[in-house]
2 protein chains.
Amino acid sequence: MNLTLEDIGRLAGVSRSTVSRVINDQDSVRLAVRERVQEVIRLTGYTPNAAARSLVSGRTGVIGLVIPSRVHSLFEDPYFSRLIQGISAASNQAGNTLSLFLFQNEEEEAELYPRVITSGFLDGLILTATRMADPLLARTAVGEIPIVVVGRPDVEGVSYVDVDNRGGALKAATHLSSLGYQRIGLLGAPVSTTAGLDRLNGFVEGLAACGLPLPPDLRVDGDFSEASGYVAMRKLLAHQPDAVFAASDTMALGALRALKEAGIRVPQDMALVGFDGLPGSENSVPSITTIRQPVTETGARAVHILNDLVTGVATAPIVEIMPVELVIRESSGTSRDSAGSDVE
Amino acid sequence: MNLTLEDIGRLAGVSRSTVSRVINDQDSVRLAVRERVQEVIRLTGYTPNAAARSLVSGRTGVIGLVIPSRVHSLFEDPYFSRLIQGISAASNQAGNTLSLFLFQNEEEEAELYPRVITSGFLDGLILTATRMADPLLARTAVGEIPIVVVGRPDVEGVSYVDVDNRGGALKAATHLSSLGYQRIGLLGAPVSTTAGLDRLNGFVEGLAACGLPLPPDLRVDGDFSEASGYVAMRKLLAHQPDAVFAASDTMALGALRALKEAGIRVPQDMALVGFDGLPGSENSVPSITTIRQPVTETGARAVHILNDLVTGVATAPIVEIMPVELVIRESSGTSRDSAGSDVE
DNA sequence: TATATTTCTGGGAGCGCTCCCAAGAATGTT
DNA sequence: AACATTCTTGGGAGCGCTCCCAGAAATATA
């Protein structure tokens with residue numbers, strides 16, 4: 001039942017080559033012939049065999065998305081969900097097929113990954129949530145397959161797309177400072193991730209630009225989770241900050257819970273700024289001021305860069321930093337002064 | 001740089017064919033030769049070209065997972081997250097590669113789907129979240145590619161894996177009845193889904209077996225979401241049930257929120273049973289009695305059945321119903337009597 | 001030792017496609 | 001009308017692999 005080019009050619013009264021030309025939209029096929037062939041293709045529902053095609057062209061149109069073994073819980077994370085959607089949408093649009101590689105554990109990773117990058121099955125790879133000194137990234141240097149990392153990797157020479165973590169955190173700091181807050185605490189993300197590190201540095205830099213320090217006791221780190229935000233906020237409370245920047249919205253949500261429990265009103269008693277721009281921070285009470293990052297667009301850019309690499313339009317490394325945006329909401333809506341404080 | 005069978009053969013001093021035999025673990029290769037070839041393969045890091053392989057074998061080892069356009073929000077749903085993980089884990093283990101098809105809208109679905117199932121790129125397909133009269137399912141009947149649906153489809157002749165929705169809802173009903181509750185309400189899932197329908201029927205059947213009715217005013221339907229559970233519970237409250245079965249844990253969580261707001265204690269004033277067995281129902285206060293369904297295993301079974309279909313070990317349609325389990329927690333911990341009621 | 005039997009190995013054919021080249025058809029030029 | 005030029009078209013070759021068959025090597029049997 002499976003048709004071949006030859007079959008279509010026979011039905012249309014032309015040769016294999018002509019049918020191939022029609023399918024690949026190459027010129028130099030007489031209009032009448034072209035239409036006749038297209039009609040036969042339409043009627044038969046013929047689709048070219050992908051394997052044969054890629055055997056000769058050396059390309060499959062398939063790009064892989066690797067999510068390392070650690071991040072399984074994160075799969076429910078709205079960030080990942082949106083990232084995957086962005087990548088999927090962009091690859092559909094670009095005519096790619098997306099293959100998903102979720103490794104269950106390190107052994108699976110070590111066993112499957114080398115095969116994946118060398119079998120010729122993939123045109124390219126998008127790597128997410130790489131850790132510091134990521135073994136996947138190390139293994140990849142050898143392979144010839146184009147790779148784009150989402151999030152800044154800690155090695156040189158790799159193409160990646162990242163959001164402006166540093167700039168975003170800087171914005172958060174200056175925003176809070178401009179409202180008159182002086183004891184601004186940080187609910188940090190793990191510095192074992194480049195995102196955590198960049199947000200920390202940007203935040204410190206922003207405070208410094210406003211003439212403010214970040215005393216060690218005003219910084220407690222979490223792990224991106226709501227629970228860690230809750231715990232960290234409780235610790236922070238002992239040192240009486242008047243505003244807090246949480247390095248993720250999820251942690252900000254946890255912090256908000258801790259503040260509510262402690263009877264501290266937001267923003268009247270304390271201002272709160274998050275990072276990410278997830279729906280949760282918009283729908284909370286009060287809604288949380290945040291640094292919105294373009295997650296879907298980041299995924300889409302990764303796909304486009306990867307395709308440029310695959311087609312040779314560009315050569316690695318390509319780096320792109322996506323802009324972030326300060327979204328002011330209730331949790332930092334009023335200035336320190338109008339909140340009736342005793343400071344300045 | 002890309003090696004071929006011929007290259008490996010030359011390096012090992014044997015022919016293409018012998019190398020192929022070693023790689024495919026076929027017998028009748030002298031041990032010494034086999035080891036020499038394996039050594040060369042190990043040293044060179046050779047991996048067979050997937051396209052060439054599948055061109056001749058007619059198989060790619062790739063299975064597709066289709067998530068229709070509607071369910072994008074559901075991607076964050078813990079259910080989908082776990083299902084995808086189950087499917088991914090099982091397909092890794094079975095030596096398959098997983099391709100993910102997230103369609104953004106109906107047009108994309110209509111355009112891409114036919115190509116996907118006919119290009120020969122996929123050995124088989126797993127379809128999730130099909131709706132009643134699903135166009136994908138209808139289109140598929142024509143195609144030759146093996147398909148397994150997760151969740152009972154509303155058409156005949158299709159292989160599928162489902163959980164025992166009917167039996168689970170029946171258990172919930174008899175459990176509540178056995179505790180002495182008499183006005184047991186239903187917070188239903190949409191009957192436009194087979195899961196919603198089956199849970200409704202099982203629940204009614206279970207009540208009937210205990211000699212209890214389901215008065216129309218004791219049934220309000222939601223849409224699986226937390227918000228819909230909240231709203232539905234508030235409506236239900238007006239008709240004073242003494243226990244409620246929510247057809248999903250997420251809705252049960254919403255119901256719990258409504259009950260707390262109304263000052264109704266669970267389980268003292270009202271018992272509550274959910275369905276799914278998600279982490280959220282375990283960690284809530286009080287923890288919610290639920291019907292636990294084996295999500296990961298369901299995904300794994302779908303992969304195995306699909307592989308049986310692909311290899312011809314089995315022929316469609318294959319149907320498998322996964323068992324569910326009543327998990328008793330705080331929200332129905334005590335019997336109606338010991339809760340100090342006036343009934344019986 | 002000669003022959004029958006089994007085990008192992010090499011090369012041809014072909015999977016369905018794209019690329020290339022050369023031949024044929026159509027058009028342009030004098 | 002005769003030739004040069006351009007546009008179309010067909011078929012050969014080959015992508016890297018598996019399958020199959022026949023010949024070579026090893027082993028068993030007389």
Side-chain angles (χ1 to χ4, degrees), chain A residues 1-38 40-41 44-62 95 115 118-123 144 311-312, chain B residues 1-38 40-41 44-62 95 97 115 118-123 144 311:
Chain A
M1 184 55 210
N2 263 345
L3 296 164
T4 72
L5 273 189
E6 207 84 47
D7 297 327
I8 303 299
R10 199 175 316 117
L11 288 169
V14 295
S15 78
R16 177 169 48 89
S17 305
T18 301
V19 180
S20 172
R21 283 186 193 100
V22 171
I23 287 174
N24 295 293
D25 243 0
Q26 289 164 355
D27 43 28
S28 79
V29 174
R30 210 153 25 110
L31 188 64
V33 176
R34 176 181 298 270
E35 282 172 348
R36 186 149 37 93
V37 172
Q38 278 166 341
V40 173
I41 290 174
T44 54
Y46 166 80
T47 320
N49 179 293
R53 241 182 177 181
S54 69
L55 177 58
V56 47
S57 72
R59 292 249 280 284
T60 60
V62 181
R115 208 176 323 159
T118 58
S119 68
F121 169 68
L122 296 178
D123 282 354
E144 337 283 334
T311 54
Chain B
M1 185 56 209
N2 263 343
L3 296 163
T4 71
L5 273 189
E6 208 84 46
D7 296 328
I8 303 298
R10 199 175 316 117
L11 288 169
V14 295
S15 77
R16 174 169 50 89
S17 305
T18 301
V19 180
S20 173
R21 283 186 192 100
V22 170
I23 286 172
N24 295 294
D25 244 358
Q26 290 165 356
D27 42 27
S28 80
V29 174
R30 213 153 22 109
L31 187 64
V33 176
R34 174 180 298 270
E35 281 172 349
R36 184 149 37 95
V37 172
Q38 278 166 338
V40 173
I41 291 175
T44 54
Y46 166 79
T47 319
N49 179 293
R53 240 182 179 182
S54 70
L55 177 58
V56 46
S57 71
R59 291 248 281 284
T60 60
V62 181
T97 299
R115 208 174 325 157
T118 58
S119 68
F121 169 67
L122 296 178
D123 283 354
E144 339 281 335
T311 54

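The chains referred to below are lettered A, B, ... by the order of the sequence lines, with proteins before strands, and numbering in each begins at 1.
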Novice: Report yes if at least one side-chain N or O of Q26(A) is closer than 4.0 Å to OP1 or OP2 of dT18(C); otherwise report no.
Specialist: no
Novice: When the distance from CZ of R34(B) to C1' of dC8(C) is rounded to whole Å, what number comes out?
Specialist: 11 Å
Novice: Show, in sequence, the C-alpha distance, side-chain angles and deciding distance for T4(A) and N49(A), and conclude whether the side-chain contact (heavy atoms from CB on, under 4.5 Å) test is met.
Specialist: CA-CA 8 Å; T4(A) 72; N49(A) 179 293; over 6 Å; no
Novice: Quick check for you: among dG12(C), dC8(C), dG16(D), whose closest atom lies nearest to any side-chain atom of L55(A)?
Specialist: dG16(D)
Novice: With sugar-phosphate meaning primed atoms plus P, OP1 and OP2, does T4(A) contact a base, only sugar-phosphate, or nothing at under 4.0 Å between heavy atoms?
Specialist: sugar-phosphate
Novice: For a quick test of reading the model: is some side-chain N or O of R30(B) closer than 4.0 Å to OP1 or OP2 of dT9(C)?
Specialist: yes
Novice: What's the CZ-P distance between R36(B) and dC8(C), to the nearest Å?
Specialist: 14 Å
Novice: So what does T18(A) touch, heavy atoms closer than 4.0 Å: a base, only the sugar-phosphate, or nothing?
Specialist: sugar-phosphate
Novice: Would you say I23(B) and R53(B) make side-chain contact, with heavy atoms under 4.5 Å?
Specialist: yes
Novice: Which nucleotide in the set dT8(D), dC17(C), dT18(D) lies at the smallest distance from any side-chain heavy atom of A52(A)?
Specialist: dC17(C)
Novice: Report the distance from atom CZ of R59(A) to atom P of dT18(C), rounded to the nearest whole Å.
Specialist: 13 Å
Novice: Map S57(B) and S28(A) onto DNA chain D by nearest heavy atom, then report which one ends up closer to the 5' terminus.
Specialist: S28(A)
Novice: Side-chain N or O of R21(A) less than 4.0 angstrom from OP1 or OP2 on dT9(D)?
Specialist: no
Novice: When you look at R59(B) and T311(B), which way does the side-chain contact (heavy atoms from CB on, under 4.5 Å) test go after all the steps?
Specialist: CA-CA 9 Å; R59(B) 291 248 281 284; T311(B) 54; 3.5 Å; yes
Novice: Quick one: E6(A) CD to dT9(D) C1', roughly how many Å, whole number?
Specialist: 14 Å
Novice: Should S17(B) be listed as having a side-chain N or O under 4.0 Å from OP1 or OP2 of dG10(C)?
Specialist: no
Novice: Between S15(B) and Y46(A), which has a closest nucleotide on DNA chain C that is more 5'?
Specialist: S15(B)
Novice: Could you state the CG-C1' distance from D25(A) to dT18(C), rounded to the nearest angstrom?
Specialist: 15 Å
Novice: For dT18(D) and R16(B) - does any side-chain N or O of the residue sit under 4.0 Å from the phosphate oxygens OP1/OP2?
Specialist: no
Novice: So D7(A) and Y46(A), do their side chains get closer than 4.5 Å, heavy atoms only?
Specialist: no
Novice: Expressed in angstrom and rounded to an integer, what is the separation of N49(B) atom CG from dC15(C) atom P?
Specialist: 18 Å
Novice: Ignoring backbone atoms, establish whether N24(B) has a side-chain N or O less than 4.0 Å from OP1 or OP2 of dT18(D).
Specialist: yes
